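Everything numeric in this text was worked out from a predicted model, so none of it was measured. In what follows, chains are A, B, ... by sequence order, proteins preceding strands, each numbered from 1.
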Amino acid sequence: MLDIQLLRNGREQVAASLATRGFVLDTHEFTRLEAERKRLQTYTQTLQAQRNSSAKAIGIAKSRGEDIATIMAEVAHLGEDLTVAESALNILQSELNDMLQSIPNLPHQSVPIGHSEADNVELSRFGTPQEMDFSAQDHVDLGEKLGLDFEIASRMSGARFALLRGGVARLHRALAQFMMDTHTDQHGYTETWVPYLVNAAALRGTGQLPKFEEDLFCVPRQGMDPLYLIPTAEVPLTNIVREQIVPLADLPLKFVAHTPCFRSEAGAYGRDTRGMIRQHQFDKVELVQLVEPHLSYDVLETLTGHAEAILRALGLPYRKLALCTRDLGFSAAKTYDLEVWLPAQKTYREISSCSNFEAFQARRMQARFRNAQGKTELLHTVNGSGLAVGRTLVAVLENYQQADGSVVVPEVIRPYMGGLERLVP
RNA sequence: GGAGAGGUGGCAGAGUGGCCGAAUGCGCCUGACUCGAAAUCAGGUAUACAUGAAUAAUGUAUCGUGGGUUCAAAUCCCACCCUCUCCGCCA
């Protein structure tokens, strides 16, 4: 959520900034709602002040045993007027709030302006795609003989699910373990285990609601509010500080969690239908940092570096992109994507997304810290995948495949595989 | 699932209809005393919003959440959420 002061004082600049990401801000509607709000709020508060002073006067008069009939007559009409004014104000404030909740974050000044994902800017590359003297198989063909099964999964769950068995299942687990160990032991994150079902308020806090309900799996409950399956551990990890005032000495807070993620992929019909690239359920290791505002852009760099460290350790070729304004997610002010090389597709595919949200999520969650002056101030939130485990499995299978259809286990993963060096069909 | 108890400021803990945004204690901040500290004494110490140039002033809201009763609600009524204790069930 944007600071409403920003909208009041700099409507046109805000609108111009939002336009670069393809969002049209209805400034007329905002101005209209604001004017109406101001009028109603001032009026309501005047009535409330009247009610309070009359009530006080009645209390005093009564305790002195004076006659209160005159004062009572004065306030006779007040209750009704107040009810009308309060409910009108409530309606208006929730309209204003709905509008505010639906406005995406402002892009940081360093974000390249662009009109589509083609305008994302490649910043760096690591590694060189391996020359193969045979034609590379994709992970579906390759994995079929190694325990990767889509057919069985689709029979029990439908499209966009996978079932792993044997060596591939173990490799998947080993990759996640390696990531968790690296981030806790070497990068200083606190291992965290979190709920996989969260309420609507938590999702509003990070920005998945109210606009993106169709992307989520909802679990209805008899007589209770529904819960949602988390689309990413960002939601529970970031909401750790919801409605908290964190002491300065505790910052930065650094959390890492390995969780399943659930996405309906409602808008992705026909995209990436083959293989494990786009699934309703996938595992991800997520990094979240909660930091002081002046540090958040430095932290975005180091956090992205933590994700890169995994790719480097695994020896997977990748590139780093700065997303352009149009490609930015709803809550993000700036995002780096890491894309891993997939030899069968002969292309780079997203495997991590690292973003600075500035105070956008913190304002929605009321997540604050006490600064050196003792004043409360909104935190900045920064997060990134470190990494998407399913896609990492795909990348390892495809990049480490051999002519005979076997797959070499990356060296750093072997200790997690009981020393196994190779997956053999 | 059954029975009971309870949710008040950074913390502890009073407050059962009216000068209660809330006693008192602890903590914290400022000052006095002191060479300095401790102890002691005095004062201060929530958040958000509105009007506003304002970190001025004034007003409004907030005692788990949402409704209701009333001129007036932390206090009375209803619903819900959460926590704790005991019993049952259970990975």
Would you measure the distance from the [atom1] atom in [N] across to the matching atom in [M] and give it in whole Å?
N: B/rU55; M: B/rG6; atom1: C1'; result: 40 Å
N: B/rG7; M: B/rC19; atom1: C1'; result: 28 Å
N: B/rG15; M: B/rU24; atom1: C1'; result: 11 Å
N: B/rC77; M: B/rG88; atom1: P; result: 33 Å

Using the closest heavy atom to pick a nucleotide of RNA chain B for each, name whichever of A/Gln93 or A/Ser53 lands nearer the 5' end.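 The residue closer to the strand's 5' end, by nearest nucleotide, is A/Gln93.
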Closest-nucleotide ordering on RNA chain B, the 5'-leading residue of A/Ile60 and A/Gln48: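 So the residue in question is A/Ile60.
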Measure the shortest side-chain to side-chain distance between A/Asp283 and A/Thr259 over non-hydrogen atoms and say whether it is less than 4.5 angstrom.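 Answer no - side chains too far apart.
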Do A/Asp3 and A/Leu378 make a side-chain contact, defined as non-hydrogen atoms from C-beta onward lying under 4.5 Å apart?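 The answer is no; the side chains never approach within 4.5 Å.
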So, is [X] near the phosphate of [N], with a side-chain N or O under 4.0 Å from OP1 or OP2?
X: A/Asn52; N: B/rU60; value: yes
X: A/Arg368; N: B/rA46; value: no
X: A/Lys38; N: B/rU51; value: yes
X: A/Arg8; N: B/rU51; value: no

Short question: side chain of A/Ser331, backbone of A/Thr206 - any donor-acceptor pair under 3.5 Å?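 Yes; judged by distance alone, with no hydrogens or angles, the pair exists.
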So, applying side-chain hydrogen bond (donor to acceptor under 3.5 Å, both in side chains) with A/Ser406, which one of A/Lys145, A/Arg422, A/Gln401 is it?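 With A/Ser406 as partner, A/Lys145, A/Arg422, A/Gln401 yield a single side-chain hydrogen bond (donor to acceptor under 3.5 Å, both in side chains), made by A/Arg422.
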Go through B/rG59, B/rG18, B/rU51 for me and flag the one nearest to the A/Arg37 side chain.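 Given the options B/rG59, B/rG18, B/rU51, the side chain of A/Arg37 is closest to B/rU51.
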Taking atom types as they are modelled, is there a donor-acceptor pair under 3.5 Å from the base of B/rG18 to the side chain of A/Lys56?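 Side chain to base: no pair present.
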